[in-house]
Amino acid sequence: MELVHSGKVRDVYADGDDLILVASDRVSVYDVVLPTPIPGKGAILTQLSLWWFDRLADVVPNHVISEDVPAEWAGRAIRCRRLEMFPVEFIARGYLAGLGLKEYEKQGTVSGVPLPPGLVEASRLPEPVFTPTTKATTGHDEFITFDDVVREIGAETAERLRDLTLEVYRRGADLARERGVIIADTKLEFGRAPDGTIVLADEVLTPDSSRFWPADAWEPGRAQHSLDKQFVRDWSSSVAGWDRTPPGPPIPDDVVAATQARYTEVYERITGSPWRP
């Protein structure tokens, strides 16, 4: 098979007309891949994505063909359809956090969407909002407005993708909340199949692409206990002398173990099944 792309976390191989999407144990923060892997992370991302793809199939088609992959990637890879990917990161937010919080504090909006006054960190928004970003190949993704998306891919397609992003988020957030997990926000990727169908791709509602908080500990006005990559991001921000450029700092053993525990916990809470590597 031919390696056609190696990303921060995933490697993509061509196998005839199909693609094999392999989730590694690499972890990136601030667009820098850290030198220490999180053992088992790629398998959790893959298996949780497959669980969600199955439950969202009536909302939008997905790129999954099967789990028929080479034995050395079993559990952490999926066989996928080839798609023409849209050049946008599609983000839905139901709570105020991260870069969305920073923009709101400056100008009362997120990606040009006005929000009510008086919100604080981790506030629940009146309705989920669509806050797309660029899909940067180098550097950092940047917030863009819905009008920017329209100019990039056309009004009809932009409206359809906005609606799908919000519906996937709502469906996932409702199901997760029933199981004691808040999905504060999530990032999705979509592509177009040769017949023109819009298809959900990459990963979906995982700890790498979403903010997960325990519902019973949610308290607006402060940082929340994270069950996602934010834990590693927060640790890296405390490392003296690191300026968020390569090379990243090695992750201590206790942070690796705590990250594994969080990823495992959110998998088990959402799926209702014990994690079996």
Taking the side chain as everything from C-beta on, heavy atoms only, tell me whether [X] gets closer than 4.5 Å to [Y].
X      : Y      : value
Ile182 : Pro214 : no
Arg124 : Trp218 : yes
Glu142 : Glu89  : no
Phe190 : Val60  : yes
Thr145 : Val149 : no
Ile65  : Asp18  : yes

Heavy atoms only: give me the nearest Thr264-Trp275 pair and the separation to one decimal.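 So the minimum-distance heavy-atom pair works out to CG2-CB, 3.8 Å.
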
Looking at every heavy atom in both Thr206 and Leu48, which two are closest together, and how far apart are they?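 Taking every non-hydrogen atom into account, CA-CD2, 4.1 Å.
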
Polar side-chain atom of [X] near backbone of [Y] as donor-acceptor pair, under 3.5 Å:
X      : Y      : value
Arg10  : Val22  : no
Glu121 : Ala97  : no
Thr157 : Gly154 : no
Ser210 : Thr186 : no
Ser123 : Val120 : yes
Arg82  : Asp17  : yes
Asp202 : Glu189 : no

Output the distance between atom [atom1] ([X]) and atom [atom2] ([Y]), rounded to the nearest 0.5 Å.
X      : Y      : atom1 : atom2 : result
Leu45  : Ser24  : CG    : OG    : 8.5 Å
Leu175 : Leu205 : CG    : CG    : 9.5 Å
Leu119 : Glu105 : CG    : CD    : 10.5 Å

Is it true that [X] and [Y] make a salt bridge, defined as a side-chain N closer than 4.0 Å to a carboxylate O?
X      : Y      : value
Asp11  : Arg26  : yes
Arg76  : Asp25  : yes
Arg160 : Glu156 : no
Arg171 : Asp58  : yes
Arg79  : Asp15  : yes
Asp228 : Arg211 : no

Applying side chain to side chain contact (heavy atoms under 4.5 Å, CB included) between Thr36 and each of Val255, Asp253, Thr259, Ile251, report the one that passes.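 By the side chain to side chain contact (heavy atoms under 4.5 Å, CB included) criterion, Thr36 pairs with just one of Val255, Asp253, Thr259, Ile251: Ile251.
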
Ile20 vs Met1, test: side-chain contact (heavy atoms from CB on, under 4.5 Å). Steps then yes/no. CA-CA 9 Å; Ile20 306 293; Met1 287 180 284; 3.8 Å; yes

Pair Phe53, His63 - check ring pair (Phe, Tyr, Trp, His ring centres under 6.0 Å), show working. CA-CA 9 Å; Phe53 280 132; His63 67 162; 5.4 Å; yes

Hey, does the Lys NZ or Arg CZ of Arg244 hover above the aromatic six-ring of Trp242, less than 6.0 Å from the centre and inside 45° of the axis?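 No, cation not above the ring by the 6.0 Å, 45° rule.
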
Looking at Phe146, is Arg162 sitting on its ring face, NZ or CZ under 6.0 Å from the six-membered ring centre and within 45 degrees of the normal?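 Geometry flag: set, cation within 6.0 Å and 45°.
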
I would like to know whether Ser273 and Glu268 meet side chain to side chain donor-acceptor pair (under 3.5 Å); could you show each step before the answer? CA-CA 5 Å; Ser273 300; Glu268 293 183 341; over 6 Å; no

Of the options Lys229, Lys8, Lys41, Lys187, which is the one that meets Asp208 in a side chain to side chain donor-acceptor pair (under 3.5 Å)?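 Of all the options given, the one that passes is Lys41.
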
Using the rule given for side-chain contact (heavy atoms from CB on, under 4.5 Å), can you reason through Ile91 versus Arg93, listing the C-alpha separation, both sets of side-chain angles and the distance that settles it, and then say yes or no? CA-CA 7 Å; Ile91 298 173; Arg93 297 175 183 273; 4.1 Å; yes

How far apart are the C-alpha atoms of Arg151 and Asp148, what are their side-chain angles, what is the distance that settles it, and do they pass the salt bridge (Lys or Arg N to Asp or Glu O under 4.0 Å) test? CA-CA 5 Å; Arg151 283 189 287 272; Asp148 294 325; 2.4 Å; yes

Can you list the steps and then say if Trp213 with Tyr95 is a ring pair (Phe, Tyr, Trp, His ring centres under 6.0 Å)? CA-CA 11 Å; Trp213 302 332; Tyr95 295 76; 5.7 Å; yes

Can you confirm whether Arg222 is buried at CZ, in the sense that more than 12 heavy atoms of other residues, nucleotides or ligands lie under 6.0 Å from that atom?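 Yes, because the 6.0 Å sphere around CZ of Arg222 holds more than 12 heavy atoms from other groups.
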
